[in-house]
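What follows is a set of notes on a single structure, which appears directly below.
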Amino acid sequence: MAALSKSIPHNCYEIGHTWHPSCRVSFLQITGGALEESLKIYAPLYLIAAILRKRKLDYYLHKLLPEILQSASFLTANGALYMAFFCILRKILGKFYSWTPGFGAALPASYVAILIERKSRRGLLTIYMANLATETLFRMGVARGTITTLRNGEVLLFCITAAMYMFFFRCKDGLKGFTFSALRFIVGKEEIPTHSYSPEAVYSKVEQKREKHEEKPRRMNIIALVRKLVDSICKQGPRHRCCKHYEDNCISYCIKGTSCFLRWVRNLDDELHAIIAGFLAGISMMFYKSTTISMYLASKLVETMYFKGIEAGKVPYFPHADTIIYSISTAICFQAAVMEVQTLRPSYWKFLLRLTKGKFAVMNRKVLDVFGTGASKHFQDFIPRLDPRYTTVTPELPTEFS
């Protein structure tokens, strides 16, 4: 609480828009730069998406440009309104607290901005920012010594997430949309519980096919014999009556997961098998460790479980939850960008620099070091050149510029 109540008397020019003393001019400059970059981001993105989805001519004539402008307006508002609330809070409070330059200014700005964006995209943006905010909070905790890192923690998280995804995939109506399609592509449609072939029917069909095939005697050369041997291992081998993968036997199919093995051991087909198979499959993360991927998939899993809880009537539905979560998550990330950029994901920091034309890097973070977060850790050589006529505290004279 003492840290939250600590304040500094500097104005918004001394801390935030150090490149120009006017709040209005600074706001317009941020807005112009953000709009330019937003259009550069969304124009090719929407155009490529439209081509890949094979949109009709009507979409290009009537919907493409409005969608680009709407998304660009959302992103522009996020950056421009942050600058506006940064100055407004300083004028209202008369000073800066540790939470006002980042979280305080970004919270209302991001809330207004997300309302501009299309509803169909709010969920995806919310998941991304929630994932980023969670990772940022984790790094903050590690930096303060309140959280101890776990070796291969991202691998363990991925294993657990993969196990739950596979369980829901095997359950009837467990997954829908893109997630279901992606897993069906990776795992195969044979493991879908609503597959049109019943295990017993498939087993009987394959046995009949094998018997019919064996009734055809023919002379074979060496190549044909080898081919038959491989085929007998990969196609004609043992298969449990509960298995639905009618094209492969259990020996070859076990290479993809352990569902067949568990069917043989327990002599039944159970959705719980997917948890073990998914967990073991998650060990693949050892070959390409990525906290970003693990956190994102975990966030999507939480979203899936939340909506399933709503459908079951066991979890309450919160209207506008996506906008609230997005706003808080973005505010957390902006707090890190201002007060402790070393805890922020580097790719997002580069994105903020691009959106503001590099102006996010010229904040007077040396003054913010008083709050004890190491705000100027990566900006030791930067001291802004301020006009004394517009400052409340005598500015430090710069010795070197960057």
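When reading the values below, keep in mind they use all heavy atoms of this one structure, side chains included, and skip hydrogens, waters and symmetry mates.
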Note, [X] side chain near [Y] side chain (heavy atom, < 4.5 Å):
{"X": "Phe158", "Y": "Asn152", "answer": "no"}
{"X": "Cys87", "Y": "Tyr13", "answer": "no"}
{"X": "Ser294", "Y": "Leu157", "answer": "yes"}
{"X": "Leu368", "Y": "Ile8", "answer": "yes"}
{"X": "Phe86", "Y": "Ile15", "answer": "yes"}
{"X": "Tyr82", "Y": "Asn78", "answer": "no"}

Any donor-acceptor N/O pair, [X] side chain to [Y] backbone, under 3.5 Å:
{"X": "Lys366", "Y": "Gln380", "result": "yes"}
{"X": "Glu14", "Y": "Thr392", "result": "yes"}
{"X": "Ser299", "Y": "Ile127", "result": "no"}
{"X": "Asp322", "Y": "Thr126", "result": "no"}
{"X": "Arg345", "Y": "Thr136", "result": "no"}
{"X": "Tyr348", "Y": "Ala337", "result": "no"}
{"X": "Glu340", "Y": "Lys377", "result": "no"}
{"X": "Arg90", "Y": "His10", "result": "yes"}
{"X": "Ser110", "Y": "Leu107", "result": "yes"}
{"X": "Thr356", "Y": "Leu352", "result": "yes"}

Tell me the closest heavy-atom pair linking [X] and [Y], and the distance in Å.
{"X": "Tyr306", "Y": "Pro316", "result": "OH-O, 3.2 Å"}
{"X": "Pro108", "Y": "Gly104", "result": "CD-O, 3.0 Å"}
{"X": "Met129", "Y": "Cys333", "result": "CE-SG, 3.8 Å"}
{"X": "Ala106", "Y": "Ala331", "result": "CB-CA, 3.7 Å"}
{"X": "Ile30", "Y": "Gly79", "result": "CG2-O, 3.7 Å"}
{"X": "Arg121", "Y": "Ser71", "result": "NH1-OG, 3.8 Å"}

Mutual orientation of the aromatic rings belonging to Phe379 and Trp349 [parallel < 30°, tilted 30-60°, perpendicular > 60°]: perpendicular
Fit a plane to each ring of Phe334 and Phe360, take the angle between them on a 0 to 90° scale, and name the class: parallel (under 30°), tilted (30 to 60°) or perpendicular (over 60°).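 Because their plane-to-plane angle lies in the 30° to 60° range, the rings of Phe334 and Phe360 count as tilted.
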Intermediate values then yes/no, ring-ring contact (aromatic ring centres under 6.0 Å, His included), Phe103 and Tyr97: CA-CA 10 Å; Phe103 189 91; Tyr97 296 89; over 10 Å; no
What do the steps show when you test Val155 against Cys159 for side-chain contact (heavy atoms from CB on, under 4.5 Å), and what is the final call? CA-CA 6 Å; Val155 178; Cys159 289; 4.2 Å; yes
Quick check for you: to the nearest 0.5 Å, what is the distance between [X] atom [atom1] and [Y] atom [atom2]?
{"X": "Thr18", "Y": "Leu386", "atom1": "OG1", "atom2": "CG", "value": "6.5 Å"}
{"X": "Ile41", "Y": "Glu36", "atom1": "CD1", "atom2": "CD", "value": "11.0 Å"}
{"X": "Arg55", "Y": "Leu64", "atom1": "CZ", "atom2": "CG", "value": "9.5 Å"}
{"X": "Tyr326", "Y": "Tyr128", "atom1": "OH", "atom2": "OH", "value": "10.0 Å"}
{"X": "Thr323", "Y": "Leu125", "atom1": "OG1", "atom2": "CG", "value": "12.0 Å"}
{"X": "Glu154", "Y": "Met295", "atom1": "CD", "atom2": "CE", "value": "11.0 Å"}

Identify which one of Gln29, His20, His17, Met83 satisfies the side chain to side chain contact (heavy atoms under 4.5 Å, CB included) criterion when paired with Lys359.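 Going through Gln29, His20, His17, Met83 one by one, the side chain to side chain contact (heavy atoms under 4.5 Å, CB included) with Lys359 is satisfied by Gln29 alone.
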Can you tell me if His320 has over 12 outside heavy atoms packed within less than 6.0 Å of its NE2? no
Show your working on side-chain contact (heavy atoms from CB on, under 4.5 Å) between His62 and Leu57 and close with a plain yes or no. CA-CA 9 Å; His62 302 100; Leu57 180 61; over 6 Å; no
side-chain contact (heavy atoms from CB on, under 4.5 Å) between Met140 and Leu137: does it pass, once the steps are laid out? CA-CA 5 Å; Met140 287 180 175; Leu137 289 174; 4.1 Å; yes
Could you work out, with salt bridge (Lys or Arg N to Asp or Glu O under 4.0 Å) as the rule, every residue matching Arg122, not counting sequence neighbours? none
For Glu67, give me all partners under salt bridge (Lys or Arg N to Asp or Glu O under 4.0 Å), at least two apart in sequence or on another chain. Arg118
Among all residues two or more places apart in sequence or in another chain, which pass the ring pair (Phe, Tyr, Trp, His ring centres under 6.0 Å) test with Phe318? none
Can Leu47 and Tyr60 be said to form a side-chain contact (heavy atoms from CB on, under 4.5 Å), step by step? CA-CA 9 Å; Leu47 182 60; Tyr60 292 94; 4.0 Å; yes
